[in-house]
Amino acid sequence: MRLPRPIWPWPFAVKHMTNRERFIKALRREPLTGLVPTFELVFYLTMEAIGKVHPSQRIFSQWDQMSAKEKEVQFADMADTYILTAEKYSHSAIFVHPNPSDFDSTIRILESIREKTDDEYFLMMHGDPTFSIPDGHRMMEFTTRMYEKPDELKKSAENRLAISIEFAEKMSAYPGLLDGFALCSDYCFNVNPFFSPAMFEEFIAPYLARVIDAYRSMGYYTIKHTDGNIMPIAGQMVDCKPDAIHSLDPQGGVSLTEMRRLYSDKVALIGNVNCGLLQTGSEEECRADVLRSLKEGMAGYGYVFSTSNCAYTGLALERYEMMIDLWRQFGVYT
Amino acid sequence: MSILEEISGALQQGRAPKVKELVAQAIGEGLQPKAILEDGLIAGMTVIGEKFKINEVFVPEVLIAARAMNAGIAELKPHLSQDDMKAKGKIVIGTVKGDLHDIGKNLVKLMMEGRGLTVVDLGVDISAEEFVEAAVENEADIICCSALLTTTMGEMQNVVELRNSKGLDGKVKIMIGGAPITQVYCDHIGADGYTADAASAADMALAFCG
């Protein structure tokens, strides 16, 4: 006989955990049952997957000319794009890329997602003030400043830090909207980090630690992302105390097992499915890589399943869907 | 320590003014300009490249050493004969069509120049036709193609096929590199060489030109 479903707060009922709650449990490295959480920093394939242009690829050349009603429709449609993607692939978190990116529009898109889904999803945004690898044209100029004008560079780092903290403080006046920040400044190439460990200690780590601390004091979680071989600076990154480290790039030789051995008592781990292989490998190779990631990642708690970068433009959707199908079958804590 | 060793050491430390000063001193002492170039400046960059390969030095240290090398070469150039300045080989380099990333390409260029090779930088978003035309125009020994994206690396195969169709496969080598590139992919498309890092790319280019 089928029993009626208990209604919360009936004392013996098991409360359904939201995706947000499950994601937070993973960030806190707490025990979980059921599917290990998953999400993507960006899922660009929205047109193919759900028939909608990704919000960050929309160009609103006449935004200021739009009526308030028209803007609302646009916000609602962008919110739907994020939500439908999360629903389709059972993502636990949504990385919101506000477009337009002014503060009021940022608040509105977050509100719109919350209005439609309440607290179902963990919402995050960009928020990394630290220096990343400079582009090819600026590399020499940036390097020269590190050697010849370190104080000037540190002043610039302070300014960037202040801007990020100021934004978070403004955001914290709207409680319940944003859950965390993704810190996406890239530090590493495949072979090694751009910054030597000593340079990282001087020019990056102090500011990374302070921004993470400031975000945490306001109640925000932090996920530190970088591509490439992080191993020479991984300890320093962990010491800055982000809640999670993202990408764990196998193209950069990062081993999920090794990261788990070294740091899983201090930080959650996200990523490691080889996103390059998803595009270029055979189906068998991709399948093996996904299963390897799940096995290594789920050797304990504090793990979120994802690609080692994002579902990028040009990636074959069927490969991403194969990855998610495997996760649904094998990404279950027993 | 000889003055050439001093030049090499100062270059490795990225001390551009000191390198310039030492090169001027070496010229004043009557050392052969070619020896200053080869056994002082290029020797220093070679050490940097070796250390880079084993993570003993990082990109900014390579860049600052390259800047010191350029300072030394500027001082030395008026004293070098045409023969002294003859490059060890000529390379055309670029990032493939559809790809605007230039960090890796610029590093490879810098490493190659540091080893005495002449590098013609075509920039980013370069089609197969542009690569091959530039190689012919510049009488290059090697075409170097860079790609950061799995979605653009396919253009490398077009470069190989176009080179072959022009009958240049015996004359112009093709080297490829970038985050998603592997030796397997290199073999698959019939390119002549792949390396995982910029210093090794310079080694390979020298071997091809030797």
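First the proteins, then the strands, lettered A, B, ... as listed; each starts at 1.
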- Heavy atoms, side chains only, cut-off 4.5 Å: are B:Phe58 and A:Pro197 in contact? yes
- Would you indicate whether the side-chain heavy atoms of B:Val59 and A:Phe195 approach each other to under 4.5 Å? no
- A:Met146 versus chain B, heavy atoms under 4.5 Å apart: side chain, backbone, both or neither? side chain
- Honestly, the part of A:Pro134 sitting under 4.5 Å from a heavy atom of chain B is backbone
- Message: Need one label for B:Val184: side chain, backbone, both or neither, based on atoms under 4.5 Å from any heavy atom in chain A.
- Response: neither
Output the donor-acceptor atom pairs between chain B and chain A under 3.5 Å, with atom names and distances to 0.1 Å.
{"unit_1": "B:Asn55", "atom_1": "OD1", "unit_2": "A:Asn192", "atom_2": "ND2", "d": "2.9"}
{"unit_1": "B:Arg67", "atom_1": "NH1", "unit_2": "A:Glu148", "atom_2": "OE2", "d": "2.8"}
{"unit_1": "B:Arg67", "atom_1": "NH2", "unit_2": "A:Glu148", "atom_2": "OE2", "d": "2.8"}
{"unit_1": "B:Asp102", "atom_1": "OD1", "unit_2": "A:Gly136", "atom_2": "N", "d": "2.9"}
{"unit_1": "B:Asp102", "atom_1": "OD2", "unit_2": "A:His137", "atom_2": "NE2", "d": "3.4"}
{"unit_1": "B:Asn106", "atom_1": "ND2", "unit_2": "A:Gly136", "atom_2": "O", "d": "3.1"}
{"unit_1": "B:Thr150", "atom_1": "OG1", "unit_2": "A:Tyr312", "atom_2": "OH", "d": "3.0"}
{"unit_1": "B:Ala179", "atom_1": "O", "unit_2": "A:Asn190", "atom_2": "ND2", "d": "2.8"}

- Highest number of heavy-atom pairs under 4.5 Å with chain A: which of B:Val124, B:Leu107, B:Ile64, B:Leu149? B:Ile64
- Message: side-chain contact (heavy atoms from CB on, under 4.5 Å) for A:Phe142 and B:Leu63? Distances and angles first, verdict last.
- Response: CA-CA 10 Å; A:Phe142 184 87; B:Leu63 293 172; over 6 Å; no
- Query: Above 12 or not: heavy atoms from other molecules or residues under 6.0 Å from CD1 of A:Ile59?
  - Reply: no
